[in-house]
Amino acid sequence: MRPTLCGIAGLIALLSTSALAAPGDPTIEPGGRWSARSGAAASMPAMGWSSWNAFRTEITEDKVLGSADALIRTGLAARGYRYINIDDGWWLRRRARDGRLEVRTQIFPSAVAARGGDTSLRPLVDRLHGMGLKAGIYTDIGRNACSQAYDLHSPNLPVGTTREREVGLYGHVDQDIALFFREWQFDYVKVDACGMADFAADRGYVTERSYAPMTPAIVRGNPARSDAGRIRGLYEDVADAIRRYRPDGDAILSICVWGQADVRRWGKDVGTSWRTGEDITPDWSSMLQSFDAAAGRALYAHPGSWNDPDMLFVGTGDFDAHHLVEARSHFSLWAIINAPLLIGYDLRKAPQSLLDIWGNRDVIAINQDPAGNQGVIAYRSGDLQIIVKTLADGRKAVAVFNRTNAALAATLTADHLKMLADRPVTLTDLWDRTGSRVFTGDTDVKLAPHETRLFVANGTHVLANGVYLSEMPGIVNVAVDGVRQPELDPTIYRGVSPWAGSRSDGERPMYTGWGGAQPDSAPYGTALSVGGRVFAAGIGILSGSRMEVKTQGRFKRFSALVGVDDSTRNRTALVRFEIYGDGRLLARTKPLSFAAPAQPLTADIGHAKIVELVVRPTDAAAAPVAVSWGMAALEASTD
Ligand code: GLA
């Protein structure tokens with residue numbers, strides 16, 4: 001566990017209703033535009049290789065180039081893996097005289113300075129570009145990097161005086177981003193955050209190594225004492241600098257705040273991807289934890305910005321070549337929730353059995369499907385999950401996931417797929433290509449311990465001429481989710497910490513994001529239910545919220561059955577539901593109360609490019625109310 005302080009975040013959040021919104025805060029007032037970040041470089045989740053899970057800080061140019069060569073030689077590059085990312089360990093020091101970062105040329109010999117000149121990673125980047133690949137680099141948002149706190153025996157820690165060892169971006173954003181993107185021509189930067197979390201004055205290594213103490217702005221597992229607004233602001237500065245030095249937009253900003261500082265909510269507005277949880281280790285329980293931290297956040301990801309459950313550990317530990325069932329599970333799960341696919345293995349020695357996993361074209365195609373809909377959990381339990389992802393061509397990918405170490409028999413139903421139960425559904429298995437099967441109503445799926453069966457399903461959708469909004473998270477941006485006080489999410493699997501063991505009193509909830517917008521669930525995880533009427537589809541969210549839906553003229557009508565959800569904590573406040581098309585009010589309800597029956601609410605949305613769904617409390621100061629956009633659906637335009 002990585003501990004820490006501070007926190008006006010809660011106060012800022014308290015002011016987030018429209019009437020009280022502070023300047024710059026997201027507002028529930030419709031803007032008639034898509035406000036989340038969208039970038040050319042990440043219209044699909046990034047694919048590539050990263051040095052960290054394979055080598056930690058013990059990287060060398062040979063290892064990086066060897067893996068790049070292997071990516072090409074094995075055909076993986078041709079399947080879409082193109083980023084080669086150098087993680088922690090590349091730096092030597094920050095030069096005292098002008099603050100320029102120096103490369104550790106002992107391990108990156110091509111960076112050696114010509115006489116009297118500067119060290120440079122440009123030759124390596126040029127070489128990678130020459131191979132048809134893209135290049136990624138690593139830094140930290142604080143003064144110091146994670147290895148300076150957690151890899152104290154590494155041979156590749158920065159050297160020199162206190163100032164020279166401050167290799168992170170803090171106070172150097174413009175200078176370093178210009179170096180990475182303009183001078184060295186990198187395409188991708190991962191920005192870690194240990195510098196803002198782990199360098200408090202009371203840490204032994206801070207004194208022993210004479211680092212300058214930094215009052216932590218991230219206190220792990222403690223949102224009230226973390227300053228989410230400050231952390232977000234620091235990352236916004238980085239995003240702005242990247243826009244300055246890479247104006248073509250072909251750059252990736254990977255935010256690495258491990259699910260802390262409310263990043264699971266704001267990451268989509270600032271970066272291309274954001275880590276939703278702690279570091280993955282090559283253990284089954286760690287994989288579950290990483291998966292859960294991202295899998296419950298489908299509505300917060302869409303083309304241009306993706307939840308990041310961390311890099312792949314396929315090939316190592318519980319996912320090695322002797323555990324191919326587990327390795328395929330891990331890869332299938334990352335694919336269906338649109339996670340970045342970053343291989344973390346020494347590819348120079350990869351056996352064919354692993355190459356076949358990373359290289360499975362059909363599974364990659366699920367991850368890279370252009371609609372960008374993250375898979376939605378259609379069946380949930382501690383043992384078994386069914387995750388369904390709507391593909392651009394209307395078919396569905398479905399993962400049936402056995403989390404336990406015993407064999408299980410699952411029943412997959414047409415209802416899980418939102419397909420008609422009296423029409424045939426064809427299932428094609430993406431790992432076992434021995435053929436497809438057809439079922440009507442439901443079918444049994446046998447699962448070995450830890451197995452994930454991954455299929456593409458083709459059948460008749462329940463909605464003949466349209467979609468439920470919850471089938472299309474890729475066109476939804478939760479601009480404001482109504483959460484005022486970030487809360488820890490209790491639903492994420494918590495195994496024994498691989499770092500601390502059981503030396504503590506246990507693993508507590510860690511990551512903020514509880515109470516956010518949910519597909520086919522109320523915001524706190526119960527079934528959508530208004531006045532006792534349960535809805536199998538819809539979106540659950542809090543009042544004081546606004547969602548933007550990228551309809552782009554493809555739909556003519558929006559309809560839903562709306563009301564206060566039976567799960568609400570606040571049973572007295574009243575709320576109105578409003579629908580806007582390109583910023584214009586199209587329809588709204590009267591104020592609705594707890595226990596009132598669901599109200600039909602429909603609007604002709606014509607050719608609107610953006611539809612906005614607002615839930616407005618009649619009293620802006622009242623505590624949020626859980627609400628349902630039950631059966632929320634878009635009817636397709638016929639013209
Ligand atoms: C943190 C990150 C990891 C890795 C290391 C490098 O722990 O979460 O992904 O980058 O730092 O030190």
Side-chain angles (χ1 to χ4, degrees), residues 1-4 46 48-59 63-64 83-92 104 107 136-158 165-169 180 186 188-199 203 205 209 211 216 218 220-221 231 235 238 252-261 263-264 267 271-283 286-287 289-290 293-294 306-314 316 334 339-345 497-500 510-511:
M1 268 242 306
R2 302 174 161 191
T4 336
W49 175 89
S50 162
S51 57
W52 182 253
N53 284 352
F55 303 119
R56 291 190 74 96
T57 58
E58 311 221 356
I59 40 173
K63 289 177 180 171
V64 173
Y83 287 93
I84 295 285
N85 294 345
I86 302 168
D87 209 282
D88 204 346
W90 63 269
W91 33 35
L92 183 67
R104 185 179 292 270
I107 54 175
I137 186 88
Y138 169 90
T139 184
D140 196 283
I141 198 76
R143 289 191 194 108
N144 295 99
C146 293
S147 56
Q148 293 176 298
Y150 297 107
D151 282 77
L152 297 176
H153 301 296
S154 165
N156 292 330
L157 292 179
R165 285 179 287 131
E166 290 175 353
V167 290
L169 290 173
F180 300 157
F186 277 97
Y188 182 121
V189 66
K190 169 174 168 181
V191 183
D192 219 327
C194 291
M196 299 306 293
D198 303 315
F199 289 84
R203 297 296 186 92
Y205 51 81
R209 305 207 166 213
Y211 296 134
I218 301 170
R220 295 171 196 261
I231 295 296
Y235 278 93
V238 177
I252 287 188
L253 169 57
S254 157
I255 299 175
C256 187
V257 187
W258 339 283
Q260 306 292 328
V263 70
R264 289 164 92 220
T272 318
S273 64
W274 50 97
R275 281 273 301 280
T276 48
E278 205 27 287
D279 289 14
I280 191 169
T281 62
D283 307 291
S286 167
M287 191 279 290
Q289 176 161 336
S290 296
W306 310 101
N307 288 304
D308 176 8
D310 205 355
M311 299 165 287
L312 293 165
F313 245 132
V314 169
T316 309
W334 263 232
L341 298 179
L342 294 171
I343 296 170
Y345 188 79
S497 161
W499 300 283
M510 276 286 280
Y511 314 133

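Values reported hereafter were calculated over all heavy atoms of this structure, with side chains retained and with hydrogens, waters and symmetry mates removed. Just so you know, ligand 1 is whichever comes first in the structure, and atom 1 is the first atom listed for that ligand.
- For ligand 1, the atoms lying closer than 4.0 Å to a non-hydrogen atom of W258 are 8 (O).
- Defined by atom type and a distance below 3.5 Å, a donor-acceptor pair is missing between the side-chain atoms of W49 and N85.
- Put simply, no part of Y150 is less than 4.0 Å from ligand 1, judged by heavy atoms.
- Taking every non-hydrogen atom of C146 and a distance limit under 4.0 Å, the qualifying atoms of ligand 1 come out as 1 (C), 11 (O), 12 (O).
- Ligand-side atoms of ligand 1 in range of D87: 4 (C), 6 (C), 10 (O), range being under 4.0 angstrom from any heavy atom.
- Of the candidates D140, T57, D279, C146 forms a side-chain contact (heavy atoms from CB on, under 4.5 Å) with just one, namely D140.
- Looking at D192 against ligand 1, only its side chain comes within 4.0 Å, counting heavy atoms.
- With 3.5 Å as the limit, one finds a donor-acceptor pair spanning the side chains of D192 and W258.
- No side-chain heavy atom of V314 sits under 4.5 Å from any side-chain heavy atom of W334.
- Atom numbering of ligand 1 starts at 1 in the shown order; those under 4.0 Å from a heavy atom of C256 are 2 (C), 8 (O).
- A heavy-atom separation below 4.0 Å is found between K190 and ligand 1.
- Between Y188 and Y83, the ring planes lie tilted relative to each other; the angle falls in the 30° to 60° range.
- Partner of Y511 under the side chain to side chain donor-acceptor pair (under 3.5 Å) criterion, out of R264, E278, Q260, Q289: Q289 alone.
- Contact detail for D308 and S254: the closest heavy-atom pair is OD2-OG, 4.5 Å.
- Interface atoms of ligand 1 facing M311, defined by a heavy-atom separation under 4.0 Å, are 9 (O).
- Close approach of ligand 1 to S147 is summarised as follows: ligand atoms under 4.0 Å from at least one heavy atom of the residue are 12 (O).
- Geometrically, ligand 1 and D279 share a nitrogen or oxygen pair separated by less than 3.5 Å.
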